[in-house]
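Whatever order the structure lists ligands and atoms in, that order sets their numbers, starting from 1.
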Amino acid sequence: MRTLVTNGHVVTAVDSYVADILIEGSVIAMIGSNLASVVGQVDRTIDAAGKLVIPGGIDPHTHMDLPFGGTASSDDFETGTRAAAFGGTTTIIDFAVQFRGQALNEALDVWFKKAEGKAVIDYGFHMILTDLPDSRMPEIKGLINQGVTSIKLFMAYPGVFLVDDGTIFKAMTTASEGGGLVCMHAENGVVIDVLVKRAVAEGKTGPKYHALTRPTRAEAEGVHRAIAIAEMANSPVYIVHLSCYDALREVQAARDLGLPAFAETCPQYLFLDYSYYEQEGFEGAKYVMTPPLRDKANQDQLWKGLRGNDLQVISTDHCPFCFKEQKELGRDDFTKIPNGGPGVEHRMSLIYDGGVVQKRISLNRFVELTSTAAAKIFGLFPKKGTIAVGSDADIVIFNPERDEVISAATHHMRVDYSAYEGRRVRGVSEIVMSRGNVVVENGEFKGRAGNGQFLKRSTFS
Ligand code: URP
Ligand code: ZN
Ligand code: ZN
């Protein structure tokens with residue numbers, strides 16, 4: 001299959017120019033002017049005049065089919081990656097989980113089976129580690145050899161995911177020796193647990209108490225500790241879902257010292273805020289996620305962090321639970337509301353609209369934050385994350401002038417509400433290609449379950 005994309009405004013993290021792109025099979029074969037006159041016959045020509053031609057989005061933080069809080073996230077690898085594709089995301093890195101007592105390979109196999117035959121776009125895995133006696137530490141290198149080059153550790157959720165500081169130190173040492181990267185859920189879960197128990201004992205059981213028992217200082221302390229432990233272990237560290245200025249300052253301080261500390265934030269922390277928990281009745285449950293939504297004043301600081309590269313990546317932490325059947329589990333007790341929200345579909349449009357259209361970030365930075373930086377940090381570059389000869393033809397033809405209104409009535413995620421219901425965004429992914437195959441075109445799905453391939457990622461460098 002040979003496809004010629006003509007006259008598009010090609011944008012990468014560093015370039016911006018009008019050109020034609022020849023795609024041969026799954027890769028970009030040529031970039032230039034007037035390619036029609038030199039490339040001979042093609043199977044399809046796509047006129048991209050007036051459109052942006054950008055690398056497919058990379059969302060390095062999703063949870064498809066995740067067992068959590070007595071239920072499982074409502075998107076599986078088919079519905080979730082399909083929704084991602086509709087929104088211009090062509091790669092996800094999902095979190096496999098090692099549950100207690102499980103060998104790491106055994107845990108990884110479970111996630112291979114979840115994705116196989118289902119994913120419509122390419123995917124990689126991080127591995128959440130919950131049970132790491134010394135005897136299991138060498139298994140981390142086995143994961144890295146299989147292309148699972150990042151692990152996630154939790155400082156929160158005691159009794160479920162939390163691992164102690166000694167374990168974090170040992171895991172960081174082992175991972176960094178093998179070229180792995182540790183992703184950290186940084187919150188002081190032990191203090192939070194005390195606050196949660198106190199709130200429940202005082203009869204404070206509504207959704208807003210999820211936020212009120214997880215102060216920004218708990219996140220900042222976790223970030224500080226994660227970076228300090230990483231420094232002692234001579235290891236890089238990547239802070240996931242950073243939500244607030246308190247925590248950002250810790251990353252800024254570390255980066256100012258030249259430490260290899262990296263961090264992502266997510267659209268929910270840029271566009272939604274604490275007031276969503278104060279809505280009538282049980283509505284606030286839709287926004288019960290961890291960390292919680294913060295006071296609005298944090299948002300400007302996060303945008304500053306994104307501009308100044310103290311935050312390198314925007315992921316979604318897509319972890320949807322249906323409002324009616326799943327969030328409902330915590331109607332009488334916020335601690336039983338499954339933590340997480342939907343987002344994989346709208347990241348590109350939200351960030352284009354709130355970032356580029358609102359003049360908070362440049363077009364190049366938009367591409368960098370939604371695709372290139374994740375590819376570089378997580379060992380996928382230059383196969384993914386850019387438009388260059390030899391790179392995978394994961395390409396989005398993006399209409400920068402078209403508006404769309406986000407709604408659960410029209411979205412493709414398998415969840416019965418939208419966190420952004422009624423929000424109008426400018427910028428729509430009109431044609432989405434995964435390795436040269438069109439998977440979405442003008443609102444229609446053209447891909448196939450199972451076409452997504454597992455990505456064996458390189459080590460961190
Ligand atoms: O609330 C969230 N974020 N759920 C997903 C699990 C996690 O901590 O990333
Ligand atoms: Zn987390
Ligand atoms: Zn997550």
Can you name the atoms of ligand 1, numbered from 1 with element, that are less than 4.0 Å from a heavy atom of [X]?
{"X": "Asn339", "result": "1 (O), 2 (C), 4 (N)"}
{"X": "Gly340", "result": "1 (O), 2 (C), 4 (N)"}
{"X": "Phe154", "result": "8 (O)"}
{"X": "Asp317", "result": "2 (C), 3 (N), 5 (C), 9 (O)"}
{"X": "His185", "result": "8 (O)"}
{"X": "Met289", "result": "1 (O)"}

Report yes or no: do Thr79 and Asp75 form a side-chain donor-acceptor pair below 3.5 Å? yes
Only one of Lys114, Arg414, Arg82 passes salt bridge (charged side-chain N to carboxylate O under 4.0 Å, His left out) with Asp76, and that residue is Arg414
Quiz item: Applying a strict 4.0 Å limit to heavy atoms, is Phe161 in contact with ligand 1?
Solution: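 In this structure, Phe161 fails to qualify as a contact of ligand 1 - no heavy atom is under 4.0 Å.
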For the ring pair [X] and [Y], is the centre-to-centre distance below 6.0 Å?
{"X": "Tyr238", "Y": "Phe378", "answer": "yes"}
{"X": "Tyr420", "Y": "His346", "answer": "no"}
{"X": "Phe271", "Y": "Tyr276", "answer": "no"}
{"X": "His185", "Y": "His241", "answer": "yes"}

Exercise. What part of Lys152, side chain from CB on, backbone N/CA/C/O, both or neither, has a heavy atom under 4.0 Å from ligand 1?
Worked result: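 Contact part for Lys152 vs ligand 1: side chain (C-beta onward).
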### Task
Any chance you could lay out the salt bridge (charged side-chain N to carboxylate O under 4.0 Å, His left out) test for Lys324 and Glu328, step after step, and finish with the verdict?
CA-CA 6 Å; Lys324 283 207 188 84; Glu328 190 62 31; over 6 Å; no
Next item on the list: Determine the minimum heavy-atom distance between Ser74 and Cys322, stating which atoms define it.
Entry: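 Minimum heavy-atom separation between Ser74 and Cys322: CB-SG, 4.1 Å.
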Relative to Phe86, does Arg347 satisfy both conditions: NZ or CZ under 6.0 angstrom from the six-membered ring centre, and within 45 degrees of the ring's axis?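 No - Arg347 does not lie over the ring of Phe86 by the 6.0 Å and 45° rule.
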- Query: Does any N, O or S atom in His63 come within less than 2.8 Å of the Zn ion (ligand 3)?
  - Reply: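 Of the N, O and S atoms in His63, at least one lies under 2.8 Å from the Zn ion (ligand 3), which means yes.
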For atom 6 (C) of ligand 1, the closest protein heavy atom turns out to be His63 NE2, 3.7 Å
For atom 1 (O) of ligand 1, the closest protein heavy atom turns out to be Thr290 N, 2.8 Å
Look at the side chain of Gln312 and the backbone N and O of Asn309, then say whether any donor-acceptor pair between them is shorter than 3.5 Å.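 Confirmed, Gln312 side chain pairs with Asn309 backbone.
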If the threshold is 4.0 Å, N to carboxylate O, is there a salt bridge linking Lys113 and Glu116? no
Listed protein N/O/S atoms, distance to the Zn ion (ligand 2) under 2.8 Å: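 Under 2.8 Å from the Zn ion (ligand 2) - ignoring waters, which are not counted - the protein N, O or S atoms are Lys152 NZ, His185 ND1, His241 NE2.
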